[in-house]
Amino acid sequence: MNPSRVLFAASEVYPFAKSGGLADVTYSLPRALGQAHEMCVVMPLYRFIDRSAFGILPLNRSFSVRMGVEEYPIELFGCTMAGVEYRFVYSPVLCEREFLYGPPESGYEDNAIRFGIFAYAIVELLRQEPFAIAHLNDWQSALAALLIDQEPQIATKVLYTIHNLAYQGTFDPSMLEKLGIDPKFFTMDGLEFYGAINFMKAGIAYADTVTTVSPTYAKEIMGEAFGCGLEGFIRHHRAKLHGILNGIDDEHFAPESDSALSIPYRDLKGKAVNKSALLKECALKGAKKPLFVFIGRFTWQKGMDILIQNLEKIALYECNIVILGDGEKEYHDALALIAKQHANIALSFGYDESFAHRVYAAADFLLMPSLYEPCGLNQLIAMRYGALPLVHAVGGLADTVFAPKEETLLEGQGYGIVYHRSSDRAFISAFGRAIELFGDKKRYSAIAKHNMRCDFSWNESAKIYSALYETLIG
Ligand code: ADP
């Protein structure tokens, strides 16, 4: 067995399929680990992935996986990019969908079967080729941890990463039989969760090592407030839990060479050009006013209620606000209603990678009132592009954004506006502090320039993952 060969499994990987930060991480972490390990990333070949654009070709390897009484055919595809090998699992039930996972109203209740197929396919890959490590991510590949544990001939060690504990993959217990899982695993210390099957529990229980995406989140998920009902279970497995901060790919998020921008830039002068261009693009006026932006999924997690409840109030300040995102309809409707009455708010609904880059480049402040945030990448990207994050200090936000207290800014530490207890008052007060700081041009610019120089890449965290792999391999 090649001692450094790693099978890295995920349900979404940029640039093939992305619904959020998971895809950024599954793109950038294997690249960062590629120096020390032979990385092979495996994901489903969803039907919307443009095979020819990425040079994805059949590997002429097909097999089938058996779950319960059904056989599911699998075809393997592959490509290589930047030294990372990619494997794609194609099976009609898993891949012939318009969306990755949902939305729930679209009737995709068979996600248990879909990602069951993915888990069995991962195990088959391990049977066919030896890998030293299987690195599984989130609930969609978690079941593979249990399946690997049941295969004594597979010597592969398993590392499981929790990217967001709120999405656990819970399904009706009747699925157990369809998944071909022995009912003996349907217990509190196995897959059972309040009468349902819980995929994430398989990852936590059966992996050799479990990681999550920031040190603070690792602590938070052991408590009731952030544990999503799994806090006791996670505490039970705490000896193998590690909190490792995510990084960003500093070539993909690079203001100095980003082709999505009006002009690439290395300083605040260049950033100002991008700000003017974006204001024009959004039909907003007033380049001297601070530009606040929000980019992200419109969900409860991201603090949408705080944002919407206070949007009218903050819009009354001399400022511009750009909101880019997609998600729950009630949030769309509420935002649209408010924006209609305020000429300084621009809304953009949908998912637009290159527009997002232009928004980061133009922003003076990024609003991140998240109620919980496992790591958060937006704040790292914002700082790299010279914007100051305004954050609720939870999870990775608490680990990466600091309030500037002293005149001197500490080397390597990112700064922004920070509040500690989520409330309308705390958010508005933080907003006021941002406006005040922006008025102090010298101080604001010093912090923005400092943030741009910080290293938010994978350099440090990839070393920690690599050391965990080495420990597992022994
Ligand atoms: P999440 O909880 O959604 O994973 P993260 O902060 O970890 O949040 O990562 C979000 C990633 O998705 C970032 O790269 C961000 O720029 C991107 N993103 C989120 N919403 C949009 C959107 N509507 N258009 C483009 N990019 C987006």
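First listed ligand is number 1; within each ligand, the first listed atom is number 1.
- Checked by distance only, ligand 1 and Asn164 stay at 3.5 Å or farther apart across all their nitrogen or oxygen atoms.
- Where the criterion is an N or O separation shorter than 3.5 Å, residue side chain and backbone included, Asp24 meets it with respect to ligand 1.
- Considering only non-hydrogen protein atoms, atom 4 (O) of ligand 1 sits nearest to Gly21 N, 2.6 Å.
- Judged purely by distance below 3.5 Å, without hydrogens or angles, the side chains of Tyr351 and Lys18 pair a donor atom with an acceptor atom.
- With a 4.0 Å heavy-atom cut-off, ligand 1 is reached by the side chain of Ile381 but not by its N, CA, C or O.
- Of all atoms in ligand 1, numbered sequentially from 1 with element shown, those under 4.0 Å from a heavy atom of Tyr360 are 15 (C), 16 (O).
- The side chain of Lys18, and not its backbone, has at least one atom closer than 4.0 Å to an atom of ligand 1 (non-hydrogen atoms only; side chain from C-beta on).
- Taking the six-membered ring for Trp and the full ring otherwise, His135 and His37 have centroids separated by 6.0 Å or more.
- The nearest protein atom to atom 5 (P) of ligand 1, hydrogens excluded, is given as Leu377 N, 3.7 Å; this is a heavy-atom distance.
- Formation of a donor-acceptor pair under 3.5 Å by the Glu12 side chain with backbone atoms of Gly20 is found in this model.
- With 3.5 Å as the limit, one finds no donor-acceptor pair spanning the side chains of Tyr217 and Asp399.
- Contact annotation for Phe355 and ligand 1: no heavy atom of the residue comes within less than 4.0 Å of the ligand.
- The shortest contact between atom 13 (C) of ligand 1 and any protein heavy atom is with Asn378 OD1, 3.3 Å.
- Nearest protein heavy-atom neighbour of atom 23 (N) of ligand 1: Gly350 O, 2.8 Å.
- Nearest protein heavy-atom contact of atom 19 (C) of ligand 1 is Gly296 CA, 3.7 Å.
- Of the possible donor and acceptor atoms, none in the side chain of Asn310 sits under 3.5 Å from a partner among the backbone N and O of Lys313.
- The backbone N or O of Val418 sits less than 3.5 Å from a side-chain atom of Arg433, completing a donor-acceptor pair.
- Close approach to Gly325 involves these atoms of ligand 1, each under 4.0 Å from a residue heavy atom: 23 (N).
- Note: Phe431 and Phe427 have tilted aromatic rings, judged against thresholds of 30 and 60 degrees for the angle between ring planes.
- The distance between the ring centers of Phe115 and Phe199 does not fall below 6.0 angstrom.
- At least one cation-pi condition fails for Lys201 and Phe193: the charged atom is not both under 6.0 angstrom from the six-membered ring centre and inside a 45 degree cone around its axis.
- For the pair Gly20 and ligand 1, the shortest N or O to N or O distance does not fall below 3.5 Å.
- For Asn137, the side-chain hydrogen bond (donor to acceptor under 3.5 Å, both in side chains) partners two or more places apart in sequence, or in a different chain, are His163.
- At the shortest separation from atom 8 (O) of ligand 1 among protein heavy atoms lies Lys302 NZ, 3.1 Å.
- The shortest N or O to N or O distance between Arg297 and ligand 1 is below 3.5 Å.
- Judged purely by atom type and a 3.5 angstrom limit, Tyr101 has no side-chain atom pairing as donor or acceptor with the backbone of Gln140.
- With a heavy-atom cut-off of 4.0 Å, Gln379 does not touch ligand 1 at all.
- The protein atom (non-hydrogen) at minimum distance from atom 22 (C) of ligand 1 is Tyr351 CD1, 3.5 Å.
- Residue Asp326 has no N or O atom closer than 3.5 Å to an N or O atom of ligand 1.
- Counting the atoms of ligand 1 from 1 in the order shown, those under 4.0 Å from a heavy atom of Ala356 are 25 (C), 26 (N).
- The shortest contact between atom 24 (N) of ligand 1 and any protein heavy atom is with Asp352 N, 3.1 Å.
- For Thr170 (side chain) and Ala196 (main-chain N/O), no donor-acceptor pair under 3.5 Å exists by modelled atom type.
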